[in-house]
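Numbers here simply count residues along the sequence, with the first being 1.
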Amino acid sequence: MKPETSQPQHLLDFTRLWTAIRRGRRLWVAFALLGFLGGGVLTVLVPPAPTAVVQILVVHEEDSPADGGSLIRTDVSLLMTSRIAGLAAKRLKIDEQPEDFLKDYEGVAVTNSILQITVKAPSGAEAARRAKGLAEAFIADHVGRVQAGATAEAKAYTDQQAQVQKDLDGVNAQISGAEAAQNNRNNNDDDEDNADAPQPNAANLDTLYARRAELSNQITQLTQQAQQAGLGAPRVAAGTQIVDEPRPVRVSLKTTGATNGGIGLVLGLVVGVAIAAVGGVVRDKPVLRRDIAENLGASVIAELPRRQRRFLPGKKLTQTRKRVAATLVRLAKDGSAPVSVLELGAAPLATALASDIAAELAAEKPVALVADLEITNPPTETAHPVRVIGGDDTSAPQSGEARIGVGSVAPGTAWTDLPHLGSETVLVVKAGYANTAWLHTVGRQLADAGIPIVGVVLADPDRRDKSDGTLWDGLHTALRGRQKHKSANNGHTTNGTNVHDLPTKRFAPVRPAEKKG
């Protein structure tokens, strides 16, 4: 046979994670409600400051359909600088640092040419005044920057014109000298003193004339460009203006409270779900049937709600508990050893279940209910008496009396006293109550005490749990394998092997029926 290979363990089990989130709904619902209430309370305690809104039409020289809004975004960035804030504060004559004034306003690009400014202030009128002053400061800065650029451009053209004019003066001087030399040559053709003088070349004069014409043309163009640049940007200066006068914005306390409450609700919900998810992973408290069965080493034989509904209580819990009790009654009927009901996080259900089992058994024989827990509703009006004795009672059981014990395996349990309650047990375990280590501890301590776990009754199960809580290799201790397949030798198998050596083999394994020849 090939050795059994264990299935790979996933780093994160999404089924368990989702179950932890779903079962932690009270936590994240509480966080969501706290966030919603916190947002509303914050609105009342810290009401929104009065605000005013102003809109500015910003004209750009380089504006084009392919701009994509980069120019107006640049204007928004410039608006949120300490320079503009300082100019506005100086214009408004307010005793406030630019860095502090920056916190009281914000700008938003509505379109490629519309800039909206929102300003907060102690009052609506003051907010409108500050919005107007801030808008005027921004317009003055925008127009001033454009005008300064035009002035710098005009100066550059003027400087270049002066340099070209200097070159033209030099060319004119060369031309004058060449023409004077030509005239002297014509007047003194017979003069021997000028025989050796350099003769002017007609080609050189033509080159100088062409150079003078070119430089004169450049000067004309530069003069025109300087005059045009000196005009500035009249379209920008005239077009950049306030198109929507500052007006106070009416703030609805109800709307603001609802908005803050909604934000708090979402944040609280997210935080609650995150805490529930992380807590479900970190705590490692099994909820699914398969996990509880694997950690205890016993199958889940029944499920019970943890408690009855407070509003409109029905009979479902009582009926379900009585049905489970009727299923467990055969433990005491078929076996000669006493049976115990041990709880882990579900003491009320365990005591009620033990009382129901005792009431069912009392219809046929006397019953002794050994209670290591407080019995709130002992069975009454039964055919045979039901004695309720304490867990510290060491007297021997009466002849013909069935014995049912009820106790706990919660932390702090006296493990050595558990055999006094019963030689075999049914565990009533609340889902998500104990961690994996404690479930292993319970299974190991019961095994050491020689008390086999016949089955697990799961309290407060997850309603959407689709896992299987049956251990198929534990048929010899499960209820389904006890009815007709007990050993006739009361603890010994047919081949003479003593099955009392291991507590988990309290009953002989089920063997297939022999085929008749």
Side-chain angles (χ1 to χ4, degrees), residues 20-56 73 76-110 114-138 242 244-280 282-283 310-311:
I21 293 175
R22 189 171 61 251
R23 289 179 66 87
R25 56 185 176 274
R26 292 185 178 180
L27 176 65
W28 46 262
V29 167
F31 269 89
L33 291 177
L34 286 176
F36 179 77
L37 295 177
V41 171
L42 182 63
T43 304
V44 175
L45 296 180
V46 186
T51 58
V53 176
V54 62
Q55 289 187 349
I56 305 173
R73 287 195 296 270
V76 172
S77 301
L78 288 172
L79 176 68
M80 304 304 297
T81 58
S82 58
R83 176 171 175 269
I84 300 297
L87 292 176
K90 185 177 180 180
R91 179 184 291 267
L92 293 170
K93 298 180 180 180
I94 57 176
D95 187 13
E96 193 171 352
Q97 294 296 326
E99 292 77 10
D100 297 331
F101 187 46
L102 270 173
K103 302 176 183 179
D104 295 336
Y105 71 86
E106 62 179 2
V108 178
V110 180
I114 298 296
L115 175 62
Q116 178 175 291
I117 303 175
T118 304
V119 183
K120 295 185 296 184
S123 64
E126 178 64 17
R129 189 182 76 87
R130 293 191 178 192
K132 185 175 181 61
L134 181 60
E136 291 175 351
F138 174 79
I242 298 175
D244 190 2
E245 290 296 327
R247 65 188 186 280
V249 179
R250 295 185 60 185
V251 179
S252 174
L253 196 61
K254 294 181 180 179
T255 303
T256 306
T259 303
N260 294 340
I263 296 174
L265 178 69
V266 173
L267 292 179
L269 186 62
V270 171
V271 172
V273 169
I275 293 176
V278 173
V282 172
R283 289 184 302 172
R310 295 181 180 179
F311 302 99

Query raised in the report: Considering only heavy atoms from C-beta outward, does the side chain of F31 approach that of L269 to under 4.5 Å?
Result: no
Report task. Flag the pair K120 and E106 as a salt bridge only when some basic side-chain nitrogen lies within less than 4.0 angstrom of an acidic carboxylate oxygen. Result -> no
Query - Least distance between heavy atoms, A85 atom then P98 atom - result: CB-O, 3.6 Å
Query raised in the report: Can you list the steps and then say if K132 with I117 is a side chain to side chain contact (heavy atoms under 4.5 Å, CB included)?
Result: CA-CA 9 Å; K132 185 175 181 61; I117 303 175; over 6 Å; no
Query raised in the report: If you take all heavy atoms of A88 and G133, which pair is closest and at what distance?
Result: CB-O, 4.4 Å
Report summary line: What one should report as the nearest heavy-atom pair of P47 and L45 is CD-O, 3.3 Å
Report task. Identify the residue among V266, L265, I263, L267 that makes a side chain to side chain contact (heavy atoms under 4.5 Å, CB included) with F36. Result -> L265
Report task. Count the heavy atoms of every other residue, nucleotide or ligand shown that sit under 6.0 Å from CD of Q97, and state whether that count exceeds 12. Result -> no
Requested in this report: Would you confirm whether W28, through its side chain, and I21, through its main-chain N or O, come within 3.5 Å as a donor-acceptor pair?
Outcome: yes
Query raised in the report: How far does CZ of F138 sit from CD1 of I56, to the nearest 0.5 angstrom?
Result: 6.0 Å
Query raised in the report: Which side-chain hydrogen bond (donor to acceptor under 3.5 Å, both in side chains) pairs, counting each pair once, include a residue from residues 30-56, with sequence neighbours left out?
Result: T43-N260, Q55-Q116
Query - Minimum-distance pair of heavy atoms, taken over all atoms of I84 and L79 - result: CB-O, 3.8 Å
Query raised in the report: What's the spacing between T255 OG1 and R250 CZ if we round to 0.5 Å?
Result: 11.0 Å
Query raised in the report: Are any non-hydrogen side-chain atoms of V108 and V76 less than 4.5 angstrom apart?
Result: no
Query raised in the report: What is the minimum heavy-atom distance between P122 and P50, and which atoms define it?
Result: O-CG, 3.6 Å
Query raised in the report: Minimum heavy-atom separation for I242 to A135, with atom names?
Result: CD1-CB, 3.8 Å
Requested in this report: Verify, without hydrogens or angle tests, whether Y105 (side chain) and L134 (backbone) share a donor-acceptor contact under 3.5 angstrom.
Outcome: no
Report summary line: Value for CG (L78) from CG (L115), rounded to nearest 0.5 Å, stands at 10.5 Å
**Report entry** Pairwise distance CG(L87) to CD(E136) - rounded to 0.5 angstrom
**Finding:** 12.5 Å
Query - Sole residue of D244, T118, V119 in side chain to side chain contact (heavy atoms under 4.5 Å, CB included) with V53 - result: T118
Query raised in the report: Can E96 and R130 be counted as an ion pair, charged N to O under 4.0 angstrom?
Result: yes
Query raised in the report: Is R91 reaching over with its side chain to a backbone N or O of G86, donor-acceptor style, under 3.5 angstrom?
Result: no
